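Below is one structure; the comments refer to it alone.
Just so it is clear, the values below take in all heavy atoms, side chains as well, and ignore hydrogens, waters and symmetry mates. Since we're looking at a predicted model, the values are computed, not measured.
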Amino acid sequence: MAQIIDGKNLANQIHSELCKELNQFVAEGNPVPHLTAIIVGEDPASQKYVEKKTQACKEIGIRSRTIVLPESTTQAELLDVIDKQNKDESVNGVLVQLPVPAHIDERTVCNAIIAAKDVDGFNEINIGRLALDMNGIVPATPLGVKTLLERANIPTFGRNAVVVGRSKNVGLPLSILLHSDGSHATKGLDATVTICHRYTPAKELAKYCRQADIIVVAVGKPGLITKDMVKPGACVIDVGITRIQDETGKYKLVGDVDFDEVRQVAGHITPVPGGVGPMTVAMLMQNTILAAKKQAADRAN
């Protein structure tokens with residue numbers, strides 16, 4: 001049976017480390033870091049995610065504010081709210097909880113948050129710096145996966161990794177982190193990476209996965225990765241999360257991996273929930289403190 005990588009426990013450890021880091025930062029005379037989260041609409045999942053982020057802020061000692069806008073908010077109105085947060089020197093980090101309503105362009109919104117306060121790491125400048133192996137703010141979920149692999153002592157150097165999913169917020173930046181040079185700014189993992197996606201034929205997807213030492217799947221398709229697709233001893237990281245109704249009529253959260261079956265052959269596996277999710281929140285907290293430190297240094301210069 002695979003060893004379960006407990007993302008919740010690792011995230012709690014990181015929270016403790018960040019709390020000490022923040023206390024030291026404030027003791028040096030700096031203001032307490034501040035994070036602003038913006039939600040457009042009343043999607044229950046989005047509200048839940050933001051609640052987890054604000055709770056983490058409270059635990060670590062980061063100040064936070066949540067701005068809730070109605071579903072009818074226009075793109076121009078949202079951009080105006082973002083602009084005010086960008087200009088507010090007391091705010092160190094800004095995020096807009098995705099997805100946004102269909103009448104708002106997600107890319108425009110992500111780019112509206114200035115790179116220095118873009119704690120989600122979605123601004124084109126931060127993604128570009130990541131691609132060029134330069135210092136910047138790395139998207140929280142890919143950074144969470146990287147940290148999981150490192151803290152679980154999963155070998156990555158020269159290993160075969162398959163990323164299933166090519167989204168610009170998870171799959172793409174994660175692929176960059178996995179394959180980039182560990183001696184450069186982003187401290188990549190030096191793996192050999194194959195990217196699969198919705199147009200990869202099922203037979204080919206299974207072939208690539210069976211060759212992988214590490215499989216990371218992030219597509220939102222429950223049960224996509226099955227036992228026969230996993231090489232014995234491989235590490236399987238499940239980023240997907242979907243709310244489904246079981247045979248008893250109750251709702252539960254599941255990932256993209258057939259957990260009970262894959263666990264029988266994998267060497268390591270993350271659960272859903274309790275795997276990548278808590279690590280994403282921990283990395284968001286880390287990014288907020290990083291942003292605050294960088295802004296303080298820029299002001300000092």
Please answer whether the main-chain N or O of [Y] pairs with a side-chain N or O of [X] as donor and acceptor at a distance below 3.5 Å.
{"X": "Lys117", "Y": "Gln85", "value": "yes"}
{"X": "Asn123", "Y": "Asn111", "value": "yes"}
{"X": "Glu204", "Y": "Pro201", "value": "no"}
{"X": "Thr156", "Y": "Leu189", "value": "yes"}
{"X": "His197", "Y": "Tyr199", "value": "yes"}
{"X": "Arg129", "Y": "Asn135", "value": "yes"}
{"X": "Asp258", "Y": "Gly223", "value": "no"}
{"X": "Asn287", "Y": "Val138", "value": "yes"}
{"X": "Asn126", "Y": "Gly136", "value": "no"}
{"X": "Ser16", "Y": "Asn12", "value": "yes"}

How many angstroms lie between atom [atom1] of [X] and atom [atom2] of [Y], to the nearest 0.5 angstrom?
{"X": "Ile60", "Y": "His15", "atom1": "CD1", "atom2": "NE2", "value": "4.5 Å"}
{"X": "Ile38", "Y": "Leu78", "atom1": "CD1", "atom2": "CG", "value": "6.0 Å"}
{"X": "Cys235", "Y": "Arg159", "atom1": "SG", "atom2": "CZ", "value": "11.0 Å"}
{"X": "Glu261", "Y": "Ile225", "atom1": "CD", "atom2": "CD1", "value": "14.0 Å"}
{"X": "Cys57", "Y": "Leu22", "atom1": "SG", "atom2": "CG", "value": "10.0 Å"}
{"X": "Lys48", "Y": "Arg243", "atom1": "NZ", "atom2": "CZ", "value": "11.0 Å"}

If you look at every heavy atom in [X] and [Y], which pair is closest and at what distance?
{"X": "Ala212", "Y": "Ala234", "value": "O-CB, 3.6 Å"}
{"X": "Val164", "Y": "Cys209", "value": "CG2-SG, 4.3 Å"}
{"X": "Asp190", "Y": "Gly182", "value": "OD2-N, 3.0 Å"}
{"X": "Thr73", "Y": "Ile104", "value": "O-CD1, 3.7 Å"}
{"X": "Leu177", "Y": "Ser180", "value": "O-OG, 3.6 Å"}
{"X": "Val32", "Y": "Gly61", "value": "CG1-O, 3.1 Å"}

Any luck finding a side-chain donor-acceptor pair between [X] and [Y] under 3.5 Å?
{"X": "Gln24", "Y": "Glu28", "result": "yes"}
{"X": "Thr186", "Y": "His184", "result": "no"}
{"X": "Gln211", "Y": "Asn160", "result": "no"}
{"X": "Lys227", "Y": "Gln264", "result": "yes"}
{"X": "Ser64", "Y": "Thr54", "result": "no"}
{"X": "Ser46", "Y": "Gln97", "result": "no"}

Side-chain donor-acceptor distances from residues 265-273 under 3.5 Å, at least two apart:
residue, atom, partner, partner atom, Å
Thr270, OG1, Asp238, N, 2.8

Any salt bridge between [X] and [Y], counting N to O under 4.0 Å?
{"X": "Glu89", "Y": "Arg299", "answer": "no"}
{"X": "Lys87", "Y": "Asp83", "answer": "yes"}
{"X": "Lys231", "Y": "Asp213", "answer": "yes"}

- [ ] With Val145 as reference, evaluate Ile214, Val239, Thr280 under the side chain to side chain contact (heavy atoms under 4.5 Å, CB included) test and give the passing residue.
- [x] Val239
- [ ] Please say which of Thr66, Ile113, Val91, Asn92 ends up in a side chain to side chain contact (heavy atoms under 4.5 Å, CB included) with Thr36.
- [x] Val91
Open item on the list: Going by the rule salt bridge (Lys or Arg N to Asp or Glu O under 4.0 Å), which residues pair with Glu150 if we only count those two or more places apart in sequence or in a different chain?
Closed with: Lys146
Task: Chi angles and distances behind the side chain to side chain contact (heavy atoms under 4.5 Å, CB included) call for Gln75, His103 - done: CA-CA 7 Å; Gln75 180 167 297; His103 65 275; 5.8 Å; no
State, yes or no, whether a side-chain contact exists between [X] and [Y] at a heavy-atom distance under 4.5 Å.
{"X": "Ile289", "Y": "Glu21", "value": "yes"}
{"X": "Pro142", "Y": "Ile176", "value": "no"}
{"X": "Ile237", "Y": "Val217", "value": "no"}
{"X": "Val276", "Y": "Thr141", "value": "yes"}
{"X": "Pro139", "Y": "Ile127", "value": "yes"}
{"X": "Val257", "Y": "Leu224", "value": "no"}
{"X": "Val119", "Y": "Val94", "value": "no"}
{"X": "Val219", "Y": "Arg198", "value": "no"}

- [ ] For side chain to side chain contact (heavy atoms under 4.5 Å, CB included), just list the numbers for Met229 and Lys207, CA-CA rounded to whole Å, side-chain angles, deciding distance to a tenth of an Å, and then say yes or no.
- [x] CA-CA 7 Å; Met229 298 168 68; Lys207 180 187 77 173; over 6 Å; no
Shared ILVMFWY cluster between [X] and [Y], side chains joined below 4.5 angstrom?
{"X": "Ile241", "Y": "Ile244", "value": "no"}
{"X": "Leu130", "Y": "Leu174", "value": "yes"}
{"X": "Ile215", "Y": "Tyr208", "value": "yes"}
{"X": "Leu35", "Y": "Met279", "value": "yes"}
{"X": "Ile39", "Y": "Val96", "value": "no"}

Task: Verdict with supporting geometry, Glu71 and Val40, side chain to side chain contact (heavy atoms under 4.5 Å, CB included) - done: CA-CA 6 Å; Glu71 184 90 14; Val40 184; 5.8 Å; no
Task: Residue pair Ser167, Asn169: steps toward the side-chain hydrogen bond (donor to acceptor under 3.5 Å, both in side chains) verdict - done: CA-CA 5 Å; Ser167 74; Asn169 297 343; 6.0 Å; no
- [ ] Test Asp88 against Lys84 for salt bridge (charged side-chain N to carboxylate O under 4.0 Å, His left out), laying out the working first.
- [x] CA-CA 6 Å; Asp88 187 340; Lys84 286 183 172 64; over 6 Å; no
Task: Trace of the salt bridge (charged side-chain N to carboxylate O under 4.0 Å, His left out) decision for Glu17 with Arg151 - done: CA-CA 14 Å; Glu17 295 165 11; Arg151 296 207 176 207; 2.8 Å; yes
